[in-house]
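As structure tokens, the structure follows; a few thoughts come after it.
If you're wondering where the values come from, they're calculated on a predicted model, not measured in any experiment. The chains referred to below are lettered A, B, ... by the order of the sequence lines, with proteins before strands, and numbering in each begins at 1.
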Number of protein chains: 2
Amino acid sequence: MRPEAILHALSDPVRAAIFTQISGQGCVEACSAFAVVGDKAIPKSSLSHHIKVLREAGLIRCERHGVEMRNHSRCSEVDQRFPGLIAAILGAYAQVRV
Amino acid sequence: MRPEAILHALSDPVRAAIFTQISGQGCVEACSAFAVVGDKAIPKSSLSHHIKVLREAGLIRCERHGVEMRNHSRCSEVDQRFPGLIAAILGAYAQVRV
DNA sequence: TTCAATAGTTCCGATATTCCGAACTATGGG
DNA sequence: CCCATAGTTCGGAATATCGGAACTATTGAA
């Protein structure tokens, strides 16, 4: 779990928004829940790519559940390794979105 | 000053190392001080680009001083806008470098 | 004032990344 | 078995990054 991968993953506002939603709820059923972020439509293939980047950065864990995918936040694990990092990043985005 | 620009700027380990040094000292005389990062040689043109990314993200301020450039950290300004962000990011990189 | 040296920037071609439509795969229900 | 739904993979176009070579800016010395 490398800091550069985490920062890169969250340096994209769309991915940051997706991760915010996942970590806010702890777990989000179905990737298609992110088909629209803000007011922007995200194509399936792009969405798949974004989820993959978040997964490979160690930010989320995905498990198949029937025909869809459950996206779990790995916030606590990341926070254990890099204390305060996630909170500061999501906090910064929250500032801007006010 | 946008979070995505800050994260993008610091998602590159070379830039993160440069910024760590600048903010550790508050101000670094001459960009050429970063000609070698870790054990890796950085070409002038790449260095110039990295400094520009850090500057445009609002992380540093550069002023010409004679023939060279003084690179000042803008840590405190960033911290005022996005509390804890810089500390958490540099802390994460420090973890890894141990 | 002209010249040389040093510090950075700009340009541009090569390489790598990102984006997204289309085709593909996997799972469950009728 | 087939269809519908959810996601992944593929591939080409657009975009970004890297770095050598040429350029600009500033200073100090002849």
Side-chain angles (χ1 to χ4, degrees), chain A residues 2-19 21-22 25 27-74 93, chain B residues 2-19 21-22 25 27-74 93:
Chain A
R2 293 165 311 133
E4 58 265 42
I6 294 175
L7 297 189
H8 172 250
L10 296 179
S11 70
D12 180 309
V14 169
R15 282 195 294 264
I18 292 174
F19 181 64
Q21 190 176 336
I22 294 176
Q25 303 179 213
C27 164
V28 169
E29 209 71 42
C31 300
S32 52
F34 314 112
V36 175
V37 168
D39 56 352
K40 190 183 172 194
I42 313 293
K44 281 208 304 180
S45 57
S46 304
L47 196 46
S48 184
H49 167 71
H50 285 318
I51 298 278
K52 185 181 180 186
V53 172
L54 290 171
R55 182 163 23 83
E56 290 182 346
L59 290 164
I60 64 175
R61 181 168 39 82
C62 307
E63 60 187 38
R64 198 173 253 288
H65 201 251
V67 78
E68 54 192 27
M69 223 70 172
R70 263 182 199 168
N71 303 287
H72 298 264
S73 168
R74 293 183 64 190
Y93 274 110
Chain B
R2 293 165 310 134
E4 57 265 41
I6 294 175
L7 297 189
H8 172 250
L10 296 179
S11 70
D12 180 312
V14 170
R15 283 195 293 263
I18 291 174
F19 181 65
Q21 190 176 337
I22 294 176
Q25 302 180 213
C27 165
V28 169
E29 209 71 40
C31 299
S32 52
F34 313 113
V36 174
V37 169
D39 56 352
K40 190 183 173 193
I42 313 293
K44 282 207 305 180
S45 57
S46 304
L47 197 46
S48 184
H49 166 70
H50 286 318
I51 298 278
K52 184 180 180 188
V53 171
L54 290 171
R55 180 162 25 84
E56 290 182 346
L59 290 164
I60 63 175
R61 181 168 39 83
C62 307
E63 61 189 36
R64 198 174 253 284
H65 201 251
V67 78
E68 54 193 27
M69 223 69 173
R70 264 184 197 165
N71 302 286
H72 298 264
S73 169
R74 294 183 62 189
Y93 274 109

### Query
B:R15 and B:H8: side chain to side chain contact (heavy atoms under 4.5 Å, CB included), yes or no, with the steps?
CA-CA 10 Å; B:R15 283 195 293 263; B:H8 172 250; 4.0 Å; yes

### Message
Using heavy-atom distances to pick each residue's nearest nucleotide on DNA chain D, tell me which of A:E68 and A:K52 is more 5'.
### Response
A:E68

### Message
Please report the distance, rounded to the nearest Å, between CD1 in A:I42 and P in C:dT18.
### Response
15 Å

### Query
For B:L54 and C:dG8, what is the distance between atoms CG and C1' respectively, to the nearest whole Å?
15 Å

### Summary
A:E68 and A:A30 have their tightest heavy-atom pair at OE1-CB, 3.5 Å

#### Entry: Separation of atom CE in A:M69 from atom P in C:dG28, rounded to whole Å
12 Å

### Message
Nearest whole Å is fine: how far is C:dT27 P from A:R70 CZ?
### Response
16 Å

### Query
Is the phosphate of D:dT9, meaning OP1 or OP2, less than 4.0 Å from a side-chain N or O of A:S48?
no

### Task
With side chain to side chain contact (heavy atoms under 4.5 Å, CB included) as the test, would you mind laying out the steps for A:L47 and A:I18 before giving the verdict?
CA-CA 10 Å; A:L47 196 46; A:I18 292 174; 3.8 Å; yes

### Summary
Out of D:dT8, D:dT26, C:dG8, minimum distance to the side chain of A:K44 belongs to D:dT8

#### Entry: A:E56 CD - C:dT18 P separation (whole Å)
11 Å

### Query
For B:I6 and B:A57, which heavy atoms make the closest approach, and how far apart are they?
CG1-O, 3.8 Å

### Query
Does D:dG19 have OP1 or OP2 sitting under 4.0 Å from an N or O in the side chain of B:S45?
no

### Task
Over all heavy atoms of both residues, which pair between A:L10 and A:Y93 is shortest? Give the atoms and the distance, please.
O-OH, 2.7 Å

### Message
Expressed as a whole number of angstroms, how long is the span from A:F34:CZ to D:dT8:C1'?
### Response
17 Å

Every protein N/O lying under 3.5 Å from an N/O of nucleotides 15-18 of chain D:
unit_1	atom_1	unit_2	atom_2	d
D:dT17	OP1	B:H8	NE2	3.0

### Message
If you compare all heavy atoms of A:H50 against all heavy atoms of A:I42, which two are closest, and at what distance to 0.1 Å?
### Response
CD2-CG2, 4.3 Å

### Task
Could you give me the stems involving DNA chain C, meaning stretches of three or more consecutive Watson-Crick or G-U wobble pairs whose two defining distances are both below 3.5 Å?
C:1-30 with D:1-30

### Query
Can you find a heavy atom in the side chain of B:V14 that is under 4.5 Å from one in the side chain of B:F34?
no

### Message
Can you work out whether A:A41 or A:V67 has the more 5'-proximal nearest nucleotide on DNA chain C?
### Response
A:A41

## Note on the structure
Closest heavy-atom pair, A:P43 versus A:A41, reported as atoms and distance to 0.1 Å, is CD-O, 3.7 Å

### Query
Looking only at heavy atoms, which two atoms of B:N71 and B:I22 are closest? And how far apart?
O-CG2, 3.5 Å

### Whole-Å distance separating the CZ atom of B:R55 from the P atom of C:dT9
6 Å

### Message
Please report the distance, rounded to the nearest Å, between CD1 in A:I51 and P in D:dT9.
### Response
13 Å

